[in-house]
**Student:** 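Next up is a structure, given as structure tokens.
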Amino acid sequence: MSLSPELLLHSYSIGIFPMAEHRDAPELFWVDPKFRGVFPLDGFHVSRSLARRIRKSGFSVTINQDFAGVVDGCADRADTWINAELRDLYQQIHHLGHAHSLEIWEADHLVGGVYGIALGAAFFGESMFSRRTDASKIALAYLVDRLRQTGFQLFDTQFLTAHLASLGAIEIPRTQYRRELDEAINASADFTAPLAQSPEGVIQRITQTS
């Protein structure tokens, strides 16, 4: 199937999303998991070692400075569901203001990041990557802090992996997800709002429950 940016955004708004079998797959297929992975925004787990890495890594953090680089970093692995059509669609949605990236830099080298799609107060996390120890975990910590501070209600991770579960992600049934999605879609949030996200401030905020 061939998707338009508008159809892709509509699919997210009703709880489904497309994937490719692999990088060179010519077609996409729809996914509607029976159980959905989500990150409770007040439940991110920061271990002592991760807090130490956030404080002392020396990384700098930006948003939307290299969206294409983050998508390509996420696709740069042996097994990826991001094919050429999806990559192009994400770029188009980024230009429309609905897809965002958070980048982790070591000097001027992109060493980690995460990207996703925002609709209302729902953020659909697509993928993340890391070229340095814990860079993707640090990206998630900064992302959760940003989502909390800018009014988001739902952080969708699509699936639950052991890695995400170790950081606080959970699974919820499809019916519960749809209810939470409906509420979030009809609310508002601003991913790009200017924020002061110092390492210590991020740690303090995301280790406090709402």
Side-chain angles (χ1 to χ4, degrees), residues 3 5-13 16-20 22-23 28 31 36-39 41 44 59-77 79-106 109-132 134-161 163-164 167 169 181 184-185 189-193 195 197 202 206:
L3 292 180
E6 293 76 18
L7 181 57
L8 182 57
L9 290 172
H10 176 68
S11 73
Y12 281 93
S13 75
I16 61 176
F17 55 90
M19 297 181 71
H22 52 79
R23 177 182 292 102
L28 303 174
V31 183
R36 195 72 164 234
V38 298
F39 242 123
L41 290 174
F44 189 84
F59 296 149
S60 57
V61 182
T62 60
I63 61 165
N64 292 338
Q65 293 301 300
D66 191 358
F67 181 83
V70 172
V71 175
D72 288 343
C74 293
D76 185 21
R77 59 191 68 173
D79 185 19
T80 181
W81 48 268
I82 304 171
N83 68 357
E85 182 178 0
L86 275 176
R87 183 186 186 280
D88 182 59
L89 282 165
Y90 293 139
Q91 293 289 339
Q92 293 181 60
I93 293 172
H94 174 61
H95 290 305
L96 291 173
H98 286 291
H100 304 286
S101 59
L102 186 146
E103 301 90 12
I104 303 295
W105 302 89
E106 186 176 61
H109 299 289
L110 182 65
V111 297
V114 58
Y115 78 97
I117 293 171
L119 288 173
F123 189 85
F124 307 88
E126 288 295 322
S127 191
M128 59 186 178
F129 79 102
S130 181
R131 294 179 180 139
R132 297 290 186 274
D134 289 337
S136 61
K137 291 182 181 180
I138 293 171
L140 276 177
Y142 274 85
L143 176 60
V144 167
D145 183 49
R146 173 166 289 274
L147 296 179
R148 287 184 61 170
Q149 288 197 76
T150 56
F152 282 84
Q153 298 176 8
L154 175 66
F155 182 7
D156 173 14
T157 69
Q158 299 178 343
F159 301 106
L160 181 67
T161 65
H163 174 64
L164 293 177
L167 294 170
L181 175 62
I185 287 290
D190 181 7
F191 185 88
T192 61
L195 297 176
Q197 285 189 293
V202 168
I206 63 178

**Student:** What orientation do H94 and F67 show, parallel under 30°, tilted 30 to 60°, or perpendicular over 60°?
**Tutor:**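 Judged by the thresholds at 30° and 60°, the geometry between H94 and F67 is parallel.
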
**Student:** Identify the two heavy atoms, one from D145 and one from V202, that lie closest to each other, and give their separation to 0.1 Å.
**Tutor:**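 D145 and V202 have their closest heavy atoms at OD2-CG2, 3.4 Å.
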
**Student:** Any chance you could measure I16, atom CD1, to L8, atom CG, to the nearest 0.5 Å?
**Tutor:**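 Here the rounded value is 9.5 Å.
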
**Student:** If you define the side chain from C-beta out and look only at heavy atoms, does anything of K137 sit under 4.5 Å from H163?
**Tutor:**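 SC-SC contact between K137 and H163 confirmed.
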
**Student:** How long is the span from the CZ atom in F129 to the SG atom in C74, to the nearest 0.5 Å?
**Tutor:**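 SG of C74 is found 6.0 Å from CZ of F129.
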
**Student:** Heavy-atom distance under 4.5 Å between the side chains of I104 and V61, does that happen here?
**Tutor:**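 Side chain of I104 against side chain of V61, heavy atoms only: contact under 4.5 Å found.
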
**Student:** Would you compute the distance between atom CG of N83 and atom CG of L89 and round it to the nearest 0.5 angstrom?
**Tutor:**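 Those atoms lie 8.5 Å apart.
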
**Student:** What are the two closest non-hydrogen atoms of L86 and P18, and how far apart are they?
**Tutor:**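 Heavy-atom minimum between the residues: CD2-CG, 3.9 Å.
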
**Student:** Would you check, one step at a time, whether the test side chain to side chain contact (heavy atoms under 4.5 Å, CB included) holds for Y115 with S127?
**Tutor:** CA-CA 6 Å; Y115 78 97; S127 191; 3.8 Å; yes

**Student:** For the aromatic rings, using the six-membered ring if either is Trp, is the centroid distance between Y90 and F124 under 6.0 Å?
**Tutor:**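 Not close enough - the centres of the two rings lie 6.0 Å or further apart.
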
**Student:** When rounded to the nearest 0.5 angstrom, what distance separates CD1 in I93 from CG in L9?
**Tutor:**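 Nearest 0.5 Å value for the CD1-CG distance: 4.5 Å.
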
**Student:** Just verifying a value: how many Å separate L143 CG and S136 OG, rounded to the nearest 0.5 Å?
**Tutor:**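 The CG atom of L143 sits 12.0 Å away from the OG atom of S136.
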
**Student:** Side chain to side chain contact (heavy atoms under 4.5 Å, CB included) for F39 and L167? Distances and angles first, verdict last.
**Tutor:** CA-CA 9 Å; F39 242 123; L167 294 170; 3.7 Å; yes

**Student:** Can you tell me if E103 uses its side chain to pair, donor with acceptor, with the backbone of Q65 under 3.5 Å?
**Tutor:**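 Between the backbone of Q65 and the side chain of E103 there is a qualifying donor-acceptor contact (under 3.5 Å).
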
**Student:** Considering all heavy atoms of both residues, which atom of A20 and which atom of L28 are nearest to each other, and what is their separation?
**Tutor:**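 So the two residues come closest at CB-CD2, 3.7 Å.
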
**Student:** According to the interplanar angle, ranging from 0 to 90°, do the rings of F152 and F123 count as parallel (below 30°), tilted (30 to 60°) or perpendicular (above 60°)?
**Tutor:**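 Perpendicular.
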
**Student:** What are the two closest non-hydrogen atoms of Q197 and Y142, and how far apart are they?
**Tutor:**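 Shortest heavy-atom separation between Q197 and Y142 comes out as NE2-O, 3.0 Å.
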
**Student:** Find the distance between OG (S11) and CD1 (I117) and round it off to the nearest 0.5 Å.
**Tutor:**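 It comes to 7.5 Å.
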
**Student:** Hey, does the side chain of R23 reach the backbone of A75 with a donor-acceptor pair shorter than 3.5 angstrom?
**Tutor:**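 Checking the backbone N and O of A75 against the side chain of R23, a donor-acceptor pair under 3.5 Å is found.
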
**Student:** For V31 and F159, run side chain to side chain contact (heavy atoms under 4.5 Å, CB included): C-alpha distance rounded to whole Å, both residues' side-chain angles, the deciding distance at 0.1 Å, then the answer.
**Tutor:** CA-CA 11 Å; V31 183; F159 301 106; 3.7 Å; yes

**Student:** Please give me the minimum heavy-atom distance between R148 and L41, naming the atom from each residue.
**Tutor:**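 Smallest interatomic distance, heavy atoms only, reads CD-O, 2.8 Å.
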
**Student:** Any side-chain to backbone donor/acceptor pair from N64 onto S101? Under 3.5 Å, distance only.
**Tutor:**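 Checked: pair present.
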
**Student:** Using the ring-ring contact (aromatic ring centres under 6.0 Å, His included) criterion, which residues pair with H100? Sequence neighbours excluded.
**Tutor:**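 In terms of ring-ring contact (aromatic ring centres under 6.0 Å, His included), with neighbours along the sequence ignored, H100 is linked to F191.
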
**Student:** Locate the shortest heavy-atom distance separating G112 from A135; write the atom from each residue and the value.
**Tutor:**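 What the structure gives for the nearest pair is CA-CB, 4.1 Å.
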
**Student:** Count the heavy atoms of every other residue, nucleotide or ligand shown that sit under 6.0 Å from NE2 of H10, and state whether that count exceeds 12.
**Tutor:**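 Counting neighbours around NE2 of H10, 12 or fewer heavy atoms of other residues, nucleotides or ligands fall under 6.0 Å, so no.
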
**Student:** Has R87 got a side-chain atom pairing as donor or acceptor with I82's backbone, closer than 3.5 angstrom?
**Tutor:**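 Here the side-chain-to-backbone pair does not exist.
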
**Student:** Run the side chain to side chain contact (heavy atoms under 4.5 Å, CB included) test on D156 and Y12 for me, step by step, so that the C-alpha distance in whole Å, both residues' side-chain angles and the decisive distance to 0.1 Å come before the verdict.
**Tutor:** CA-CA 10 Å; D156 173 14; Y12 281 93; 5.5 Å; no

